[in-house]
Amino acid sequence: MIIKELHPGHFGKFHNVNMELTPGINVIYGKNEAGKSTLHAFVKGMLFGIERLRGRAGKEDLYVKYQPWDTPGAYQGSMVLTVDGEDYRIIRSFYKKERSIKIIRESTGRELTDAELGVSAIIPSLTESIYRNTISIEQLRAKTEYELAEELKNYITNLSMSKSKEVDVNGANNYLLEKKKKLEKQLPDDRLAALTSELKELQDTLKKLDGLSGELIELKKRSEYLENKQKEYNRSTNQEKMKKVAYYPAVLEKFKRFLEMEQSAKDAEEKVEKLGEKTKKQASELDSSDTIGDHLKELGELRQKKQGLEEELKEKRQEIEPHLKQGSTSGRVIGVIIVVLGLAISSIPFSFMPILVRCIIGIAFLVAGISKYIMTATKEEKNKQKLEDIKKECERQIFSLHSRRHDILLNHRVSNESQLMIKYNDVLKNEMEREQALERKVEYQAEAKRYHEKADELEYEIIDYMKHFLGNPEASKECMQELWQEIEEFKEEIINEMSSNEEEYTNIRSQMERIRWTLESNAECEVELEQKQTEQEELCELRKGLLEEIEAITLSIQTLKELSTDIHDSFGSTLNQMLSEIVSSISQDEYSSIIVDEKLNVSVLHRGQYVSLDKLSAGTMDQIYLALRLSVASLLFPEENMPILLDDTFALYDDERTKAALKLLAKETNRQVIIFTCHRREKELLEECKVPYHYVDLNEEGKSTLEYA
């Protein structure tokens with residue numbers, strides 16, 4: 001198979017790129033991020049498709065990684081392959097909503113009908129696992145995976161046993177294993193174990209049923225004996241007394257109620273007594289509300305009288321004082337005027353009046369003025385005395401009112417009317433509580449009476465019952481104790497015997513019913529036993545046949561395994577020889593002997609002993625894994641000459657081993673080699689060795705050259 005053309009339509013960073021490749025060695029050079037790994041992934045995607053991953057695997061989802069973000073619907077490309085001289089064009093759409101594939105034979109232009117198989121429609125033996133583990137090496141992933149060992153083992157076994165690659169020996173082995181598992185699941189071991197347990201239970205049950213039948217006969221005889229004995233007891237003269245004994249628990253309960261009634265009556269009487277003492281104490285502690293109310297009313301009247309006296313005194317003052325001031329002033333002024341006028345008349349000479357007359361008139365005016373002045377002063381003094389008398393009378397009456405108020409407050413041991421009002425409210429509250437207490441006292445008296453009446457009724461019933469056992473009973477604890485002892489003695493003599501007989505009779509009848517029910521419910525036990533025995537025999541035959549078939553399948557698997565091992569040993573030597581030659585060439589004879597087991601675990605002969613591959617350097621490991629891939633590819637595809645895709649595979653090689661590896665690849669004249677690299681070393685070494693190669697520089701898009709050393 002040769003890859004002739006790559007056309008990434010819209011894939012990663014590539015858009016409508018056309019790249020041609022040739023047989024032999026192709027070197028695709030590009031700096032980091034130039035798109036080498038993208039082209040490598042494009043080849044794999046064109047061959048096997050790209051599925052979108054979910055969950056944890058979605059972190060490495062190549063679908064999302066290479067999907068064009070601006071035109072996701074244009075996620076597609078094409079590739080031309082040459083297989084057996086025929087050119088095939090593969091056209092794929094990777095877009096999840098329009099996923100499709102076409103494979104067209106270029107010579108005829110016809111589309112293959114089985115294109116959905118992908119590259120398997122052209123090369124049936126090429127699977128994605130083989131591709132990934134042989135002809136395609138990704139960056140730093142030269143190591144093969146476990147599934148390649150299975151593919152190789154199956155291929156070698158098929159080819160050796162049938163001379164055909166189409167026979168799936170591994171599939172046959174898996175089929176036999178699956179068939180064996182199904183047969184093992186069909187083994188009736190669990191059912192046989194259950195049947196064995198059920199049969200043992202049925203046999204034990206039948207033995208128990210035989211014993212129960214004999215036990216039923218004995219119980220029937222004992223039941224008849226007890227029944228006859230019970231009839232004799234029923235005819236006894238103590239039958240009435242036995243009924244009374246049976247009534248004892250009820251009487252005991254009545255006695256408890258009697259004691260409760262007595263105690264309740266006593267409690268009610270104590271409450272009556274306490275309430276009586278409380279009401280007496282309340283009556284003695286505070287004054288009567290009527291007395292305090294009258295005094296409050298009287299204090300109000302005293303306050304009103306005081307206000308009236310103060311108003312009256314104020315009115316008298318308003319009435320007398322203006323007249324007092326006005327009359328006193330005017331009288332004195334008039335007297336003075338008259339005196340002045342008399343003096344003027346007596347002292348001023350009038351021609352028409354003799355001097356004697358003037359003197360008499362002046363004296364008369366003088367006497368009249370002095371008299372007026374004296375009279376005015378006297379009247380003023382009388383009005384002042386009158387006002388003072390009125391004031392003293394008011395003050396006396398007010399003092400009398402204050403004395404009465406003080407006596408009232410002192411009588412109630414308070415300092416003001418507010419406190420007296422508070423005391424009045426307390427007295428009212430106390431009287432209300434006292435009335436309520438008196439009402440409760442009456443209720444408790446009635447309650448005590450009811451309890452006494454109920455206690456008397458119960459006492460009569462208890463004493464009436466005791467008369468059947470005691471001579472002179474009374475409702476007391478001592479008599480009840482004596483009654484109990486009397487009844488116990490009676491029980492020991494007759495009642496216990498009757499009760500035990502009756503209890504035994506009842507138990508026997510109950511046992512007989514259980515045995516009958518058990519016998520009836522297990523009537524089909526024998527039939528069920530026979531059925532299960534038959535089922536057990538059939539299952540044993542079935543198990544025997546299944547074990548024989550399982551043994552045959554186990555023998556077939558073992559034979560197939562032995563044949564596969566023998567065949568692998570024969571082919572293993574060929575693989576080891578081929579691998580040793582390739583490694584010796586690459587390592588310049590440093591490692592000349594390599595062995596590989598059936599799981600593709602590699603060991604290298606070094607200094608006289610074989611060491612595992614992980615003991616060597618990373619570069620040497622990569623070289624050996626490259627040789628292993630080339631060897632396996634040659635073994636799996638001896639005719640197809642599949643291309644080899646190497647993505648920076650020589651990164652850990654030194655120059656000498658890189659040169660040796662390139663010379664080895666150059667010897668594969670019929671095999672296409674595609675080297676993706678970010679170094680110019682491969683190009684320089686190929687030119688040094690004069691090996692022809694096809695060179696593609698991704699940094700100069702669209703430019704490709706065919707160069708020779």
Side-chain angles (χ1 to χ4, degrees), residues 223 226-282 432-511 513-514:
S223 173
L226 292 173
E227 189 174 358
N228 293 330
K229 192 174 181 181
Q230 188 69 27
K231 289 179 181 178
E232 294 178 2
Y233 283 136
N234 292 337
R235 291 191 295 269
S236 174
T237 56
N238 291 320
Q239 184 176 5
E240 185 66 27
K241 199 170 185 179
M242 288 161 51
K243 292 181 180 178
K244 292 294 183 183
V245 169
Y247 191 66
Y248 173 74
V251 173
L252 183 60
E253 187 64 28
K254 287 184 178 181
F255 180 72
K256 291 180 181 179
R257 290 179 59 198
F258 166 74
L259 294 179
E260 290 175 358
M261 294 298 105
E262 286 286 321
Q263 184 62 40
S264 298
K266 184 178 179 181
D267 293 341
E269 289 173 349
E270 289 178 356
K271 290 178 181 179
V272 169
E273 184 177 354
K274 288 180 180 179
L275 287 173
E277 294 175 356
K278 182 178 180 180
T279 53
K280 289 179 181 178
K281 185 178 180 182
Q282 288 174 335
M432 186 179 297
E433 290 178 353
R434 184 168 176 272
E435 290 177 0
Q436 292 175 352
L438 291 173
E439 291 176 358
R440 288 200 302 274
K441 180 180 177 182
V442 173
E443 292 176 359
Y444 287 140
Q445 288 173 340
E447 186 177 344
K449 183 179 179 181
R450 289 196 302 272
Y451 285 139
H452 278 303
E453 291 175 353
K454 187 63 178 178
D456 293 342
E457 182 181 346
L458 291 171
E459 183 180 19
Y460 174 79
E461 294 178 1
I462 293 168
I463 292 175
D464 184 63
Y465 176 81
M466 287 180 172
K467 287 179 181 178
H468 294 86
F469 299 93
L470 303 177
N472 188 21
E474 61 181 12
S476 64
K477 292 183 179 180
E478 292 78 10
C479 287
M480 286 300 296
Q481 182 67 23
E482 187 179 350
L483 174 65
W484 178 78
Q485 292 176 354
E486 188 72 20
I487 289 175
E488 287 299 315
E489 291 175 0
F490 182 76
K491 282 183 179 180
E492 288 177 359
E493 295 174 1
I494 298 175
I495 296 179
N496 284 347
E497 185 177 359
M498 291 179 63
S499 298
S500 62
N501 288 341
E502 185 176 358
E503 183 178 357
E504 183 182 0
Y505 178 78
T506 303
N507 291 335
I508 288 173
R509 299 298 297 179
S510 177
Q511 292 178 27
E513 289 298 323
R514 286 198 298 271

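- In this structure, the side-chain hydrogen bond (donor to acceptor under 3.5 Å, both in side chains) partners of Ser510, at least two apart in sequence or on a different chain, are Arg514.
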All N/O donor-acceptor pairs, side-chain side in residues 252-267, below 3.5 Å, sequence neighbours left out:
from, atom 1, to, atom 2, distance (Å)
Lys254, NZ, Tyr247, OH, 3.0
Lys254, NZ, Glu461, OE1, 2.7
Gln263, NE2, Asp267, OD1, 3.0
Ser264, OG, Glu260, O, 2.8

Listed pairs under 3.5 Å, donor-acceptor, residues 443-458 side chains, sequence neighbours left out:
from, atom 1, to, atom 2, distance (Å)
Glu447, OE2, Tyr451, OH, 3.0
His452, NE2, Glu269, OE2, 2.7

Please tabulate, for side-chain N and O atoms in residues 473-480, each donor-acceptor pair with protein atoms closer than 3.5 Å (sequence neighbours left out).
from, atom 1, to, atom 2, distance (Å)
Ser476, OG, Cys479, N, 3.3

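- For the side-chain contact (heavy atoms from CB on, under 4.5 Å) test, residues two or more places apart in sequence or in another chain that qualify with Asn507 are Glu503, Gln511.
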